[in-house]
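Worksheet for the structure shown next.
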2 protein chains.
Amino acid sequence: MSSNGQSDAMSQGAFRALADPTRRRILMHLSKGEMPIGDLVDQFAITRAAVKKHLVILEEGELISVHQRGRERINRLEPKGLKSVSEWLNYFSRFWDDRLSDLKAAIETETENQIQRKK
Amino acid sequence: MSSNGQSDAMSQGAFRALADPTRRRILMHLSKGEMPIGDLVDQFAITRAAVKKHLVILEEGELISVHQRGRERINRLEPKGLKSVSEWLNYFSRFWDDRLSDLKAAIETETENQIQRKK
DNA sequence: TTGACATGAAACCATAAGGTATTATATTGA
DNA sequence: TCAATATAATACCTTATGGTTTCATGTCAA
């Protein structure tokens, strides 16, 4: 196997957390700004307890962090977990990623132009 | 919610498939080359039937495709599913992604050097 | 055409996962 | 201090999941 073993072990919690569509929706909401559980519950047709369970799993996957503020607990998007998933995925990017090559081509052209202009 | 709804629906199967560590290991193996189920079974301490189930789930997530060849069925890495996951993740990249800017910097340097050498 | 090999499919089992309802705890403000 | 609010925690239920064992199918080679 060689590559990616450690990164895979670290991101297990994140992969698990992302498997559920409700949890991904929660992340989408939190991407617009941190908020307490109450605000999230309003967005879903499930009970507060169910949302709370999702938040715990998201926290375990290091996709969110929780911060006490008075009697509220604020849930905030946490880059760490997402980053580890992205890094795992990156190992496979050579099989499909047009973005990288497109970007590379674009930058090369751009750089050439800059150099042209400098002359 | 607005953004990312369609992409999320499409990648549900892929997210689900990626949640299991054994399935991620299978993908790692297939990244080294397509192979029949028998070759994969040798790499794991579980039965052929269990591996087969994983392959079905990977196929449902469009992470692999299967091609008949004689009496063998070859499992091949499929970019589609990985790409949809990466696109979903991309929505969040602004929260953490140093990769793009790093890459851009690296390519710029590299391109400059190439042009230097051409002189 | 018959055995051996490579595989798929079905039935079954234990545990994890997602949900509910209910009970308990802590902080704010009058 | 006491009610109201915001939340956590527990017990419980149903279905999904990952695994096994057993049985069925299809294809190659002699």
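Order of the sequence lines sets the chain letters (A, B, ...), proteins ahead of strands, with each chain counted from 1. No hydrogens, no waters, no symmetry mates; every other heavy atom, side chains included, goes into these values.
Using a distance-only test at 3.5 Å, with no hydrogens or angles considered, a donor-acceptor pair links the side chain of B:T47 to the main chain of B:A50. With hydrogens and angles disregarded, no donor-acceptor distance shorter than 3.5 Å links the side chain of A:N75 to the backbone of A:V66.
Taking atom CG of residue B:L40 and atom P of nucleotide C:dG8, one finds them 11 Å apart after rounding to whole Å. Distance A:Q12 CD to D:dT17 C1': 13 Å, rounded to the nearest Å. Distance CG (A:D20) to C1' (D:dT17): 14 Å, rounded to an integer number of Å. With rounding to whole Å, A:L58 atom CG is found 10 Å from C:dG18 atom P. When the P atom of D:dT5 is taken as reference, atom CG of A:D42 falls 15 Å away, rounded to whole Å. At whole-Å resolution of the value, CD in A:E72 and P in C:dG29 are 11 Å apart. For the pair A:L55 CG and C:dG19 P, the interatomic distance rounds to 12 Å; values are reported in whole Å. Computed from coordinates, the B:I74 CD1 to C:dT7 C1' distance equals 12 Å when rounded to whole Å.
Looking only at side-chain heavy atoms (C-beta outward), A:V51 and A:T22 stay at 4.5 Å or farther from each other.
The aromatic ring centres of B:F44 and B:H54 sit 6.0 Å or more apart.
Distances shown here put every side-chain N or O of B:R73 at or beyond 4.0 Å from the OP1 or OP2 atom of C:dA6. Residue A:R48 places at least one side-chain N or O under 4.0 Å from the OP1 or OP2 atom of D:dT7. For the OP1/OP2 pair of C:dA17 and a distance below 4.0 Å, the side-chain nitrogens and oxygens of A:R16 include at least one atom meeting the criterion. An OP1 or OP2 oxygen of D:dG18 is reached within less than 4.0 angstrom by a side-chain nitrogen or oxygen of B:R23. At least one side-chain nitrogen or oxygen of B:T47 sits closer than 4.0 Å to the OP1 or OP2 atom of D:dT20. Taking only side-chain nitrogens and oxygens, A:H54 never comes nearer than 4.0 Å to OP1 or OP2 of C:dA17.
Cluster membership for B:L55 and B:F15, using ILVMFWY side-chain heavy atoms within less than 4.5 angstrom, is shared.
Residue A:T22 has its side chain nearest to C:dG19 when only D:dT20, C:dA6, C:dG19 are considered. Nearest nucleotide to the side chain of A:A50, out of D:dA8, D:dG19, C:dG19: C:dG19. Of all nucleotides listed (C:dT20, C:dA9, C:dG18), C:dG18 comes nearest to the side chain of A:I57. You'll find that the side chain of B:R71 is closest to C:dC5, out of D:dT20, C:dG8, C:dC5.
Sequence order on DNA chain C of the closest nucleotides to A:A45 and A:R69 puts A:A45 first from the 5' end. Nucleotides of DNA chain D nearest to A:K53 and B:Q68 differ in position, and the one nearer the 5' end is that of A:K53.
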